[in-house]
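What follows is a set of notes on a single structure, which appears directly below.
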2 protein chains.
Amino acid sequence: MTTARRSDATRAAILEAARERFASDGYDRATIRSIARDAGIDPSMVMRYYGNKEGLFAAASEIELNLPELGGLPARHVGAVLVTHFLERWERDDVLTGLLRVGVTNEAGAERMRAIFAQQLGPVTRGVCPDPAEAPRRAALVASQILGMALTRYVLRLPPVVEMTPEEIVAWLGPTVQRYLTAEAP
Amino acid sequence: MTTARRSDATRAAILEAARERFASDGYDRATIRSIARDAGIDPSMVMRYYGNKEGLFAAASEIELNLPELGGLPARHVGAVLVTHFLERWERDDVLTGLLRVGVTNEAGAERMRAIFAQQLGPVTRGVCPDPAEAPRRAALVASQILGMALTRYVLRLPPVVEMTPEEIVAWLGPTVQRYLTAEAP
DNA sequence: ATGGAATGTCAACGCCCGTTGGCCTACAGT
DNA sequence: ACTGTAGGCCAACGGGCGTTGACATTCCAT
């Protein structure tokens with residue numbers, strides 16, 4: 001294991017400031033200078049520890065969705081469970097919002113987003129959909145609805161979406177996700 | 001009426017170049033200089049005709065969704081019709097993709113997006129959903145799925161979504177939109 | 001034909017960016 | 001106690017940006 005470094009606190013401060021700035025400003029407007037200011041250090045420290053701006057973003061956008069195992073629960077609940085989980089994940093911190101913002105304007109961000117959904121959402125769907133060969137497609141359909149909700153609620157802030165309670169969102173979106181996962185292919 | 005100006009061709013060239021750049025690069029990376037280069041004129045002409053970068057974006061993002069009237073057709077087809085229409089609209093040109101890109105990183109873009117969906121999608125839903133008072137919420141749910149599809153297909157380019165044919169997308173998303181519009185509130 | 005407005009070019013401005021390299025400072029291993 | 005090294009700051013660089021104002025050209029109404 002790697003031993004603790006004296007600079008660990010600084011590294012963490014940079015990473016936290018970076019996540020917030022990327023989330024609220026997007027890749028271009030989140031400047032290294034502003035991130036350094038938030039972290040209370042010099043911009044050159046960012047370069048020293050993360051190489052360059054792309055490296056910083058790569059480090060700041062490492063994400064674990066921590067999706068639940070869907071295998072053990074009644075098949076007709078997986079939609080609601082999945083929507084609930086994503087909603088909580090999105091409300092807890094703004095890393096995912098940041099990733100969404102950056103994924104839209106930056107190819108590295110888009111690639112990161114593709115990887116996360118392929119590696120973390122894909123496997124979970126494999127166990128619950130009728131034909132495993134169709135798992136990627138069904139996961140992508142789920143992603144389209146989940147990300148659309150995140151986009152309209154946390155980024156574009158369409159008023160009717162913002163005003164809905166989490167319970168209402170689960171009630172509306174749960175059956176949709178459910179159908180994308182388990183229904184016969186149309 | 002305003003008479004034709006000698007500079008109309010230049011104005012149009014600027015607008016077309018701006019739409020393409022905003023669509024492919026987003027607001028920040030779409031520079032006035034690159035737009036002027038594409039249009040074959042000097043950057044200062046952009047300032048003369050559109051005031052500043054924000055004015056140029058406002059002019060470049062005027063959009064007519066041209067949504068069909070849903071009142072006249074069988075209630076159980078409105079979902080498929082709506083999805084088909086949006087899909088065609090999105091494939092025809094990249095103005096909507098551009099608006100989506102800009103709406104994510106730029107507050108003016110987000111406001112434009114909110115206005116378009118409120119003014120153009122809202123009224124259409126009013127005629128087909130059970131309780132007119134719920135029309136905005138149902139329109140927003142529809143927007144969440146439609147925009148999520150656009151996001152994953154045209155911006156993030158999730159491979160399984162890109163590979164789907166328009167017919168397959170309509171078959172999967174049509175019932176979802178249908179339910180958001182016409183089903184009983186859960 | 002001519003004066004003036006419309007159209008367009010050119011060079012420059014001030015600003016902020018990512019990034020670099022040099023220089024102090026303070027700690028840790030010996 | 002001494003020294004090497006990691007941590008940190010500072011000043012500067014080259015470059016691209018949005019924007020501006022002075023100047024040249026073209027066209028049209030008179």
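In what follows, chains carry the letters A, B, and so on, assigned in the order in which the sequence lines appear, proteins first and then strands, with residues in each chain numbered from 1. Below, each value reflects all heavy atoms present in this structure, side chains not excepted, and no hydrogens, waters or symmetry copies.
Residue pairs that meet the salt bridge (charged side-chain N to carboxylate O under 4.0 Å, His left out) test with at least one member in residues 113-137 of chain A, sequence neighbours left out, are E107(A)-R114(A), E111(A)-R114(A), E134(A)-R138(A), R137(A)-E168(B). The list of salt bridge (charged side-chain N to carboxylate O under 4.0 Å, His left out) pairs with a residue in residues 83-93 of chain B, not counting sequence neighbours, reads R89(B)-D93(B), E91(B)-R153(B).
To the nearest angstrom, C1' of dA6(C) lies 15 Å from CD1 of I41(B).
Within the 4.5 Å cutoff, the side chain of L156(B) has no heavy atoms near those of the V161(B) side chain. Between N52(B) and I32(B), every side-chain heavy-atom pair lies at or beyond the 4.5 Å cut-off. Two residues are said to be in side-chain contact when any heavy atoms from C-beta on lie closer than 4.5 Å; Y154(B) and D94(B) fail this criterion. The side-chain heavy atoms of T176(A) and W172(B), taken from C-beta on, include no pair separated by under 4.5 Å.
Formation of a donor-acceptor pair under 3.5 Å by the D38(A) side chain with backbone atoms of I35(A) is not found in this model.
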- For nucleotides 15-21 of chain C, 5' to 3', base contacts (B), sugar-phosphate-only contacts (S) and non-contacts (-) with protein non-hydrogen atoms under 4.0 Å give --BBSBB
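Residues T105(B) and R29(A) have side chains that never bring a donor and an acceptor to within less than 3.5 angstrom of each other.
First and last contacts of DNA chain D with chain B, using any nucleotide atom under 4.0 Å from a protein heavy atom and ordered 5' to 3', fall at dC17(D) to dC27(D).
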What are the atom names and distances for every N/O pair under 3.5 Å that joins the protein to nucleotides 26-30 of chain C?
none

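Scored by the side chain to side chain donor-acceptor pair (under 3.5 Å) test, Q119(A) finds no partners at all (sequence neighbours excluded).
Using a 30° and 60° split on the angle between ring planes, F57(A) and Y27(A) fall in the perpendicular class, above 60°.
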